[in-house]
Number of protein chains: 4
Amino acid sequence: MAMKDRIKERSIGLFERKGFSETSIQDIVEALNVTKGTFYYYYSSKEQLLMEIHKEYIDDLLQRQRRIIDSGGSQKDKLKSVIHLLISDIARNGDSGKVFFREMRHLTEDNATDIKKRREQFRHNIEEILRHGAESGEFRKQLRPDITALAVLGITNWTYQWFNAKGELTADELAEIYSSIVLDGIHTRNEE
Amino acid sequence: MAMKDRIKERSIGLFERKGFSETSIQDIVEALNVTKGTFYYYYSSKEQLLMEIHKEYIDDLLQRQRRIIDSGGSQKDKLKSVIHLLISDIARNGDSGKVFFREMRHLTEDNATDIKKRREQFRHNIEEILRHGAESGEFRKQLRPDITALAVLGITNWTYQWFNAKGELTADELAEIYSSIVLDGIHTRNEE
Amino acid sequence: MAMKDRIKERSIGLFERKGFSETSIQDIVEALNVTKGTFYYYYSSKEQLLMEIHKEYIDDLLQRQRRIIDSGGSQKDKLKSVIHLLISDIARNGDSGKVFFREMRHLTEDNATDIKKRREQFRHNIEEILRHGAESGEFRKQLRPDITALAVLGITNWTYQWFNAKGELTADELAEIYSSIVLDGIHTRNEE
Amino acid sequence: MAMKDRIKERSIGLFERKGFSETSIQDIVEALNVTKGTFYYYYSSKEQLLMEIHKEYIDDLLQRQRRIIDSGGSQKDKLKSVIHLLISDIARNGDSGKVFFREMRHLTEDNATDIKKRREQFRHNIEEILRHGAESGEFRKQLRPDITALAVLGITNWTYQWFNAKGELTADELAEIYSSIVLDGIHTRNEE
DNA sequence: CATGAATGAGAGTTCATTCAT
DNA sequence: AATGAATGAACTCTCATTCAT
């Protein structure tokens with residue numbers, strides 16, 4: 001693998017374990033057995049590295065979300081797929097996600113604005129699924145799509161705080177449970 | 001107000017705005033127009049201050065949660081009350097919550113373990129509500145209480161990322177919407 | 001002497017010998033047997049220290065120049081006194097002057113502008129002496145006061161490049177020679 | 001133009017604008033759209049480049065000064081020619097001169113000694129003109145030639161600090177004024 | 001109670017230079 | 001003739017903490 005990617009990969013791991021601020025350039029280069037000069041040959045600053053991690057993560061997510069939305073299928077299926085997308089990403093790509101959700105604060109203003117826009121795009125796309133689903137009669141009409149989208153994101157994103165890909169629960173199972181809660185709630189139904 | 005509390009209060013505000021690592025003791029004492037010596041007279045270290053913030057926050061939450069659980073009422077009402085407790089706390093006490101959710105990483109191991117235990121207690125109490133509700137037939141039996149508790153915490157805690165107490169939505173309204181989603185889901189029902 | 005002044009004094013000596021860029025904070029604090037922290041307790045940056053050196057130097061010079069101008073006496077006497085002021089300052093205060101003339105480049109724009117204004121004030125004051133002297137008939141009318149002022153400054157300031165206060169020539173003697181050259185030139189006169 | 005000269009030329013421009021220490025090899029090669037390797041193919045170090053700039057400058061000056069001295073003519077004419085030589089060089093060759101006068105400090109000891117010798121030769125040659133002029137009766141006998149030479153150099157070299165080749169004053173005019181001041185002084189004469 | 005001088009370790013970053021290709 | 005990856009030392013600056021007063 002190229003040095004630039006090796007640096008990124010190790011940094012993600014260290015940022016996840018110790019936090020961005022608590023990880024020094026020294027830590028990163030020592031983990032790779034290279035020198036600080038090497039780091040700065042590939043990245044102009046620690047923040048630029050963080051920015052690249054963020055961009056890669058959110059762009060990948062947006063792209064896969066786009067594919068789901070463009071696919072045929074009911075809005076319910078699309079919503080389930082988006083939930084599955086987010087959860088399964090933890091198993092695939094866990095540390096990146098954790099860094100993404102925790103360390104945005106350390107981007108400079110310009111970069112933060114950039115990333116924020118893409119995050120809002122992701123949220124907005126979920127809102128659209130909910131809105132179309134309400135129009136088509138799949139979803140309850142009285143729930144505000146904006147708040148509901150945030151609820152869905154809350155459930156899934158919080159998973160980054162506790163989910164262990166090697167635990168007894170698979171990402172697929174968890175996505176299934178979340179979908180069930182979001183779609184049907186926890187109340188017993190008349191018909192049950 | 002006593003100096004010790006003034007220090008804590010200002011620190012919470014600064015930690016929320018800039019982050020724990022990015023806030024220096026200098027920042028804190030300058031904001032209060034005192035000197036570093038004063039800080040160290042009241043707190044033995046920056047981390048000890050963070051620990052006190054955490055303890056105060058979680059203990060207050062646990063105490064109020066306890067009161068809800070000990071009150072009579074259905075499990076459904078208790079769950080709604082806990083959701084309301086968490087959301088309304090943002091309006092009352094927003095910065096503390098944000099610091100609590102973001103900065104636990106900066107506690108030393110011993111302190112982190114201590115706080116983690118209390119957080120798990122809080123989560124466990126929600127699990128119990130869910131478990132009792134399932135036993136009593138209020139809630140669907142096939143949903144795992146542990147995962148469901150984490151879903152509830154996800155929805156509410158994520159709110160700290162975006163909720164603005166001065167926005168168009170009140171904490172009460174938001175708690176109501178969340179309860180509706182959690183209890184009934186977003187699907188349209190037969191009877192509707 | 002107070003630490004702040006000790007730092008300044010030593011820094012002037014080091015800047016003179018090695019140059020501003022080539023003198024590190026480490027060099028300064030080692031020469032004083034203190035630590036870097038101490039330096040930054042008194043000066044917020046290396047540049048701020050340089051700025052204080054510059055301000056002190058030029059302000060002192062301007063003040064003494066003012067006294068000369070406000071004294072009675074012919075313009076010729078005033079010019080001679082200003083030349084004497086500049087030369088004698090080297091003996092008194094040599095390193096400061098060398099730093100002042102060499103290191104202005106290292107000030108940030110705002111600070112450089114500030115210092116430049118005061119330097120121009122000094123030059124302007126010489127111009128005024130020359131202008132008044134021309135009006136009163138003491139000095140030749142066909143010489144432009146602005147260029148002549150720069151010539152006077154050239155002669156005197158260049159002295160900082162080579163003059164050694166401990167050499168065979170005293171500052172007073174040198175000032176006398178310079179005055180003679182500037183006033184009468186090097187040509188032989190008819191009457192001689 | 002050959003790469004080696006292109007590097008030198010650009011470097012002179014950068015050194016003049018930013019200073020020797022503040023100009024990195026990176027800056028130089030970026031300005032030329034080549035890589036660091038190229039730089040080190042032609043120059044063994046940054047200092048060697050500086051040395052070549054110095055040598056070229058002073059050797060050119062010495063050579064032209066020699067031509068003036070070897071020409072017939074009065075000492076007065078020779079002195080005027082040397083003043084003109086120095087001033088006109090600014091217009092032709094401004095950046096080199098500025099670098100020459102400002103950055104000698106950054107030569108290593110051996111190189112500095114070498115350059116110093118040639119500078120002293122230049123100064124010594126002026127001294128000789130003055131000495132011969134005094135002997136022949138052209139110049140006042142009571143002025144020390146060594147100090148007077150330094151005064152002449154002061155006036156001319158200081159010009160590098162402020163002269164703008166594109167300003168209202170030409171180099172020729174300035175040389176004329178300087179010569180007048182040096183030769184005749186600023187005093188009014190009986191005969192005027 | 002509170003000050004303020006001083007510490008010392010470590011942070012992010014820069015940069016002249018080397019060298020295999 | 002030129003590249004570009006890598007080095008390593010040095011740089012400016014920050015900061016939690018200590019302690020005599």
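Values reported hereafter were calculated over all heavy atoms of this structure, with side chains retained and with hydrogens, waters and symmetry mates removed.
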Does A:Lys116, at its NZ atom, have more than 12 non-hydrogen atoms belonging to other residues, nucleotides or ligands within less than 6.0 Å?
no
How close or far is atom C1' of F:dC13 from atom OH of C:Tyr42, stated in whole angstroms?
18 Å
For A:Thr35 and D:Thr35, find the nucleotide of DNA chain F closest to each by heavy atoms; which residue's nucleotide sits nearer the 5' end?
D:Thr35
Can you tell me how far C1' of F:dT3 sits from CE of D:Met3, to the nearest Å?
12 Å
Taking the C1' atom of each, how far is F:dT21 from E:dC1, in whole Å?
13 Å
Can you measure B:Gln48 atom CD to F:dA16 atom P for me and round it to whole angstrom units?
15 Å
Secondary structure string for DNA chain F (Watson-Crick or G-U under 3.5 angstrom, | for other-strand pairs)
.||||||||||||||||||||
Can you see whether D:Phe100 has D:Arg119 sitting over its ring - NZ or CZ less than 6.0 Å from the centre and within 45° of the normal?
yes
Round to the nearest Å and state the distance from A:Asn33 atom CG to F:dG8 atom C1'.
14 Å
Give a yes/no on whether any side-chain N or O of B:Thr38 is located under 4.0 angstrom from OP1 or OP2 of E:dC1.
no
Rounded distance (Å) that lies between atom C1' of F:dC19 and atom OH of B:Tyr41
15 Å
Atom pair CZ/CG of B:Arg118 and B:Leu62 - distance to nearest 0.5 Å:
8.0 Å
D:Ser96-D:Glu56 side chain donor-acceptor pair, cut-off 3.5 Å:
no
Annotated protein contacts, base or backbone, on nucleotides 9-18 of chain E with a non-hydrogen cut-off under 4.0 Å, one of B, S, - each:
-BSBBBBBBB
D:Gln161 atom CD, neighbour heavy-atom count above 12 within 6.0 Å
yes
Testing D:Ile53, D:Asp60, D:Leu61 for side-chain contact (heavy atoms from CB on, under 4.5 Å) with D:Tyr57, which one passes?
D:Leu61
A:Glu30 atom CD is separated from F:dG8 atom P, nearest whole Å, by 13 Å
